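For clarity, every value in this text was computed on a predicted model and none was experimentally measured. Letters go in sequence order (proteins before strands), and every chain restarts at 1.
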Amino acid sequence: MPKTSLDFLASAPEVTRRLIGATLLVHGVGGRIVETEAYDREDPASHSFSGPTLRNAAMFGPPAHTYVYRSYGIHWCLNLVCREEGHGAGVLIRAIEPLEGMDLMRERRGLEEIRLLCAGPGRVAQALGISSAHNAMATSVPPFKLLPAPAKVKVISGPRIGISKAMDQPWRFGLEGSRFLSRPFR
DNA sequence: TAACCGATTAGCT
DNA sequence: GCTAATCGGTTAA
């Protein structure tokens with residue numbers, strides 16, 4: 001229990017930036033977070049924008065918990081809830097540098113190429129074995145393990161991917177120079 | 001009908 | 001090496 005534990009109560013972009021470089025494991029499988037995106041309540045691109053529904057309920061639950069949703073009817077995507085309970089903000093985990101449980105991740109993804117194992121939110125969820133069963137769970141207890149980033153990570157930012165609103169907000173964050181990003185920053 | 005996307009294909013530098 | 005286009009499913013406005 002490091003005293004430098006992550007503060008999920010800060011603003012969504014702040015929490016999102018600080019998650020870059022953090023280590024995320026599920027049942028000991030995962031690695032270092034290298035790409036994230038912020039979503040907030042007053043944010044037309046956020047699932048929480050129009051208030052609570054059955055699907056996004058976890059976004060309005062306690063911080064440091066998960067919000068898992070189905071994307072385009074096919075993939076699962078993992079978010080971490082931030083700000084105070086009931087606010088409706090979260091961080092989308094977009095890419096991870098694979099470090100632990102490589103064999104299991106390769107098997108789940110049906111892929112050898114390490115660079116593409118977790119390069120994208122749907123890919124992250126598949127490699128880590130995330131599904132709706134992992135929705136609204138605390139990240140501080142098993143099967144989850146979340147370790148804060150080291151002090152000196154270099155973070156870059158840019159517009160979010162796959163949205164058509166609030167394009168002006170640079171709420172996508174990445175680890176500078178990482179080759180495990182879903183797409184490069186420019 | 002548009003979405004917090006991935007695999008594939010076709011084209012480019 | 002890269003980008004753009006296409007299509008596949010569910011959800012919810």
For the side chain of Asn56(A) and the backbone of Gly51(A), is there at least one donor-acceptor N/O pair under 3.5 Å apart? yes
If we ignore hydrogens and angles and just use 3.5 Å, is the side chain of Thr36(A) paired with the main-chain N or O of Thr16(A) as donor and acceptor? yes
Under a 4.0 Å heavy-atom cut-off, which of residues 30-55 of chain A touch DNA chain C? Thr53(A), Arg55(A)
Can you list, in residue-number order, the parts of residues 88-106 of chain A that come under 4.0 Å of DNA chain C, counting heavy atoms only? none
Does CD belonging to Glu107(A) count more than 12 external heavy atoms closer than 6.0 Å? no
Listed pairs under 3.5 Å, donor-acceptor, residues 81-103 of chain A side chains, sequence neighbours left out:
residue: His87(A); atom: NE2; partner: Asp40(A); partner atom: OD1; Å: 2.8
residue: Arg94(A); atom: NE; partner: Glu35(A); partner atom: OE2; Å: 2.7
residue: Arg94(A); atom: NH2; partner: Ser182(A); partner atom: OG; Å: 3.1
residue: Glu97(A); atom: OE1; partner: Arg32(A); partner atom: NE; Å: 3.2
residue: Glu97(A); atom: OE1; partner: Arg32(A); partner atom: NH2; Å: 2.7
residue: Asp103(A); atom: OD1; partner: Arg106(A); partner atom: NH2; Å: 3.1

What is the distance from CZ of Phe173(A) to P of dC4(B), rounded to the nearest Å? 18 Å
Between atom NE2 in His75(A) and atom C1' in dG6(B), what is the gap in whole Å? 4 Å
For a quick check of understanding: with a heavy-atom distance under 4.0 Å over all strands, which category does Ile163(A) fall into, base, sugar-phosphate or nothing? sugar-phosphate
Is a side-chain N or O of Thr139(A) found less than 3.5 angstrom from the main chain of Phe144(A), in a donor-acceptor match? no
Using only atom types and a distance under 3.5 Å, with no angle test, would you say the side chain of Gln126(A) pairs donor to acceptor with the backbone of Arg108(A)? yes
Secondary-structure string, 5' to 3', Watson-Crick or G-U under 3.5 Å, | for another-strand partners, for DNA chain B: |||.||||||||.
Expressed in angstrom and rounded to an integer, what is the separation of Lys165(A) atom NZ from dA12(C) atom C1'? 13 Å
Polar atom pairs between nucleotides 3-5 of chain C and protein, under 3.5 Å, N or O only, would you list them?
residue: dT3(C); atom: OP1; partner: Arg186(A); partner atom: NH2; Å: 2.8

Where do Met59(A) and Tyr69(A) land on the side-chain contact (heavy atoms from CB on, under 4.5 Å) test, with the steps shown first? CA-CA 10 Å; Met59(A) 272 191 98; Tyr69(A) 71 91; over 6 Å; no
Measure from the side-chain N and O atoms of Arg160(A) to the backbone N and O of Ala38(A), and report whether any donor-acceptor pair falls under 3.5 Å. yes
Residue that, paired with Leu24(A), satisfies side-chain contact (heavy atoms from CB on, under 4.5 Å) out of Val124(A), Leu78(A), Leu147(A): Leu78(A)
On a heavy-atom basis, which atom in His47(A) and which in Tyr67(A) lie closest, and how many Å separate them? ND1-OH, 2.8 Å
What pair of heavy atoms forms the shortest contact from Leu128(A) to Cys118(A), and how long is it? CD1-SG, 4.4 Å
Is a side-chain N or O of Arg55(A) found less than 3.5 angstrom from the main chain of Arg70(A), in a donor-acceptor match? yes
Which letter, B, S or -, goes with each nucleotide of nucleotides 7-13 of chain B from 5' to 3', with contact meaning a protein heavy atom under 4.0 Å? S------
Quickly work out the Tyr69(A) OH to dA2(B) C1' distance and round it to whole Å. 14 Å
Does CZ belonging to Arg183(A) count more than 12 external heavy atoms closer than 6.0 Å? no
Round to the nearest Å and state the distance from Gln169(A) atom CD to dC4(B) atom P. 14 Å
Can you measure Leu181(A) atom CG to dG6(B) atom P for me and round it to whole angstrom units? 13 Å
Closest contact, heavy atoms only, Tyr39(A) versus Ala12(A): O-CB, 4.0 Å
Using modelled atom types and a 3.5 Å cut-off, is there a donor and acceptor pairing between side-chain atoms of Thr66(A) and backbone atoms of His134(A)? yes
Does Arg123(A) reach the main-chain N or O of Ala119(A) with its side chain, forming a donor-acceptor pair under 3.5 Å? yes
Can you measure Tyr67(A) atom OH to dC4(B) atom P for me and round it to whole angstrom units? 9 Å
